[in-house]
Amino acid sequence: MHRIRLVGLAASAAVLAVTLSGCSVVAAFVPHVDAAIYDSAKEFKAASTAAFGSPTFVPDDATIIRVDYDTKGAGAILTYASKTHFVAGTCEKPAPIPKPTVKDSWWPVDGIPAQGVSCPGGWTAFLIGDQVYAATPKN
């Protein structure tokens, strides 16, 4: 009888070990992405943006600012509406648009221009009308 209990305990321990190790394996493959939405540039600038690279190019008239960022520092994407597009003097040098490492349904699939502009903090931005999109490979 004692032998049967030992076998049962060993089997239970094995199942528990496999279950717990399976959780850590799954966690390794789950994207580490967080998102935030701000109604205005004032709200955005008051928030802690260090987690996604503190984009200083967002102008005061920006509205509906959305950002998705990898919590392990592997990139971020950002969008907002603005008539002025960028803070003056921040995003002027042409740059190729990187393929974002973070994805979301609001990121455009079509209509992306061949060139964007380089912005502070390693961001590259482009416009579609008065909608600004920006990506950075690291945050």
Side-chain angles (χ1 to χ4, degrees):
M1 188 78 154
H2 183 65
R3 191 180 200 117
I4 293 173
R5 283 188 190 162
L6 286 176
V7 170
L9 285 173
S12 295
V15 168
L16 181 62
V18 167
T19 301
L20 291 177
S21 67
C23 289
S24 60
V25 168
V26 168
F29 293 101
V30 172
H32 305 281
V33 175
D34 205 352
I37 300 175
Y38 306 92
D39 289 331
S40 66
K42 182 178 180 181
E43 181 184 355
F44 175 75
K45 290 176 181 182
S48 174
T49 58
F52 49 86
S54 302
T56 57
F57 55 88
V58 176
D60 289 340
D61 71 336
T63 58
I64 314 299
I65 303 158
R66 307 177 107 182
V67 64
D68 287 14
Y69 59 96
D70 187 300
T71 59
K72 300 217 178 213
I77 54 175
L78 170 79
T79 189
Y80 57 88
S82 168
K83 296 279 185 202
T84 58
H85 304 145
F86 308 109
V87 169
T90 59
C91 302
E92 297 174 337
K93 182 181 173 189
I97 297 170
K99 183 172 180 159
T101 55
V102 175
K103 308 224 186 288
D104 200 335
S105 60
W106 51 260
W107 188 261
V109 177
D110 297 322
I112 297 174
Q115 284 281 338
V117 289
S118 177
C119 297
W123 292 83
T124 302
F126 62 93
L127 306 170
I128 298 178
D130 283 332
Q131 191 71 28
V132 177
Y133 295 92
T136 182
K138 296 183 198 172
N139 50 321

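In this structure, F86 and C119 approach most closely via the heavy-atom pair CE2-SG, 4.3 Å. Nearest heavy-atom pair, K45 versus D60, reported as atom, atom and distance to 0.1 Å: NZ-OD1, 2.6 Å. Here the closest non-hydrogen pair linking P59 and A41 is O-CB, 3.2 Å. Shown here for D70 and V102, the closest heavy-atom pair between the two residues is N-CG2, 3.9 Å. Summarising the geometry of C91 relative to P120, their closest heavy-atom pair is SG-CD, 4.2 Å, with the distance given to 0.1 Å.
With rounding to the nearest 0.5 Å, the separation of CD in E43 from CD1 in I65 is 8.0 Å. H85 NE2 to D61 CG: the interatomic distance, rounded to the nearest 0.5 Å, is 8.5 Å. For the atom pair OG1 of T136 and CG of L78, the computed distance is 10.5 Å after rounding to the nearest 0.5 Å.
Relative ring orientation between Y80 and F57 is described as tilted, the plane-to-plane angle lying within the 30° to 60° band. Between F52 and Y69, the ring-plane angle classifies as tilted under the 30° and 60° cut-offs.
Hydrophobic cluster membership is shared by Y133 and I112, with clusters built from Ile, Leu, Val, Met, Phe, Trp and Tyr side chains linked at under 4.5 angstrom. Under a hydrophobic-cluster definition in which Ile, Leu, Val, Met, Phe, Trp and Tyr are linked whenever side-chain heavy atoms come within less than 4.5 Å, directly or via other members, F44 and I64 are assigned to different clusters. V58 and I37 sit in two unconnected hydrophobic clusters of ILVMFWY residues. Membership requires side-chain heavy atoms under 4.5 Å apart, directly or through other members. Taken together through direct or relayed side-chain contacts under 4.5 Å among Ile, Leu, Val, Met, Phe, Trp and Tyr, V67 and L127 form part of one hydrophobic cluster. Cluster annotation: I97 and I77 are assigned to the same hydrophobic cluster (Ile/Leu/Val/Met/Phe/Trp/Tyr, side-chain heavy-atom contacts under 4.5 Å, transitive).
Residue-environment remark: NZ (K42) stays at or below the threshold of 12 foreign heavy atoms within 6.0 Å.
With hydrogens and angles ignored, the 3.5 Å screen pairs no side-chain donor or acceptor of D68 with any backbone N or O of V33. Between the side chain of T79 and the backbone N or O of R66 there is no donor-acceptor pair closer than 3.5 Å.
Take A95 and apply the side-chain contact (heavy atoms from CB on, under 4.5 Å) test, not counting sequence neighbours, and it matches S118, T124. The side-chain hydrogen bond (donor to acceptor under 3.5 Å, both in side chains) check on D39 picks up nothing, with sequence neighbours excluded.
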